[in-house]
Number of protein chains: 2
Amino acid sequence: MELAEAKLKFIEAWGKLGSEWGINRTMAQVHALLLVSPEALTTEEVMAELSISRGNANMTLRDLIDWGLVEKQHKTGERKEYFYAEKDTWIIARRVAEERKKRELDPVIKILGQLTEVKGDKKDPAFKAFHSSVTDISRLANNVNKTLDTMLKAEENWFFGSIFKIFK
Amino acid sequence: MELAEAKLKFIEAWGKLGSEWGINRTMAQVHALLLVSPEALTTEEVMAELSISRGNANMTLRDLIDWGLVEKQHKTGERKEYFYAEKDTWIIARRVAEERKKRELDPVIKILGQLTEVKGDKKDPAFKAFHSSVTDISRLANNVNKTLDTMLKAEENWFFGSIFKIFK
DNA sequence: ATAACCTTTCATTTATTTTTGAAAGTTTAA
DNA sequence: TTAAACTTTCAAAAATAAATGAAAGGTTAT
């Protein structure tokens with residue numbers, strides 16, 4: 001397999017994985033393209049490489065910047081904007097975890113906390129089932145949350161290293 | 001807040017979280033409904049509670065069974081099928097992790113492994129960027145994979161307990 | 001055998017998400 | 001100020017995903 005083909009395979013696989021996890025396929029593909037590009041690319045280049053429209057490229061790049069995965073660069077003497085992807089995989093993982101925690105996990109943890117407090121007839125099986133399921137899920141969600149907080153602060157080697165040490 | 005309202009809130013929140021993570025909203029809602037039901041429910045009851053069609057209810061319940069989150073029950077003397085959700089949150093988390101690992105992570109790890117092997121000109125910046133990004137992502141994916149394997153075998157207390165012990 | 005009862009399928013319809021591209025907006029240089 | 005170069009917006013179109021419901025498929029009891 002040659003580089004050009006391998007690049008396409010990578011972009012395709014990254015896009016597929018993203019879409020399976022609720023991330024816009026194009027956004028994941030643009031990210032993949034930038035990840036394997038040694039140099040920052042222009043909007044035009046992204047449009048051409050992936051055959052997408054200007055509007056789509058612009059919005060997608062902005063989203064990637066919002067996620068903290070891509071940064072704008074300016075070259076002296078040029079007006080065009082260039083886009084460059086963070087290449088450190090562990091930083092990428094942390095940024096994604098951070099963003100999704102904030103957008104999705106935190107809100108649901110808040111709601112679960114409220115639902116945990118709902119009072120009802122302790123003799124009613126419907127209430128008992130509700131209360132115990134919600135309490136259990138709430139506890140698990142909080143554990144996941146704490147683990148993510150740890151991960152956000154940790155170095156990769158420390159994080160996985162320590163996990164593997166215990167569970168070997 | 002009373003039970004009926006709380007149940008609706010829970011179903012809504014679970015459905016939203018699911019859809020953000022690439023899981024069909026209705027599937028997550030049916031799961032939520034069954035989770036807070038002390039008794040197994042019939043297709044008719046699921047249809048009525050969530051105002052969904054017979055076909056949708058049937059397919060969604062089948063999917064939940066495929067995921068290992070719901071089981072069919074039969075009551076003696078009755079022909080109707082009843083559906084009951086696994087209530088142990090840790091088992092639920094493990095089943096979801098197991099299923100998604102199998103469906104999504106394993107395939108992508110395989111592709112990354114192949115892309116890692118792609119040969120090219122070591123002087124070419126494009127090749128260097130491709131190779132190092134793919135290698136790094138591949139390594140991270142394999143670490144996540146190993147951690148999931150550990151989780152699949154572990155008890156909840158052991159898993160989180162050990163993580164918190166190190167990172168406290 | 002057949003009728004009642006229940007489950008499954010799948011061609012259509014409906015809803016949701018994503019993309020397009022032309023127009024509007026902005027910045028820079030002369 | 002003007003015009004060229006570049007970026008952003010967003011209403012409309014296209015693509016994708018999900019839901020419907022009537023018909024077909026199975027089972028069981030008589």
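Note on naming: letters A, B, ... go to the chains in the order of the sequence lines (proteins, then strands), and numbering restarts at 1 for each one. When reading the values below, keep in mind they use all heavy atoms of this one structure, side chains included, and skip hydrogens, waters and symmetry mates.
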Which nucleotide in the list [options] gets nearest to the side chain of [X]?
X: A:N58; options: D:dT7, C:dT19, D:dA19; value: D:dT7
X: B:R54; options: C:dT8, D:dA19, D:dT8; value: C:dT8
X: B:N56; options: C:dT20, D:dA18, D:dT20; value: D:dT20

Once you round it to whole Å, what is the distance between [atom2] of [N] and [atom1] of [X]?
X: A:E81; N: C:dT26; atom1: CD; atom2: C1'; value: 11 Å
X: B:M47; N: D:dT20; atom1: CE; atom2: C1'; value: 10 Å
X: A:L64; N: D:dT8; atom1: CG; atom2: C1'; value: 16 Å
X: A:M59; N: D:dC10; atom1: CE; atom2: P; value: 8 Å
X: B:D63; N: D:dA19; atom1: CG; atom2: C1'; value: 13 Å
X: B:M27; N: D:dA17; atom1: CE; atom2: P; value: 16 Å
X: B:I23; N: D:dA18; atom1: CD1; atom2: P; value: 11 Å
X: A:H74; N: D:dT7; atom1: NE2; atom2: C1'; value: 11 Å

_Base of C:dC5 paired with side chain of B:R79 (donor-acceptor, under 3.5 Å)_ = yes
_Measuring only between side-chain heavy atoms, which start at C-beta, is A:H74 closer than 4.5 Å to A:Y82?_
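Heavy-atom side-chain distance check fails, nothing below 4.5 Å.
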*Any pair counted as salt bridge (charged side-chain N to carboxylate O under 4.0 Å, His left out), so long as it reaches residues 31-55 of chain B, sequence neighbours left out*: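 For residues 31-55 of chain B: B:E44-B:R54.
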*Can you establish whether the number of heavy atoms outside A:E12 located under 6.0 Å from its atom CD is more than 12?*
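Not buried by this count: 12 neighbours or fewer within 6.0 Å.
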*Does OP1 or OP2 of D:dT27 have a side-chain N or O of B:K80 closer than 4.0 Å?*
no
*asked:* Looking only at side-chain N and O atoms, does A:E104 offer a donor or acceptor that is under 3.5 Å from a partner on B:W21?
replied: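 Their side chains do contain a donor-acceptor pair, which is all the 3.5 Å distance test asks for.
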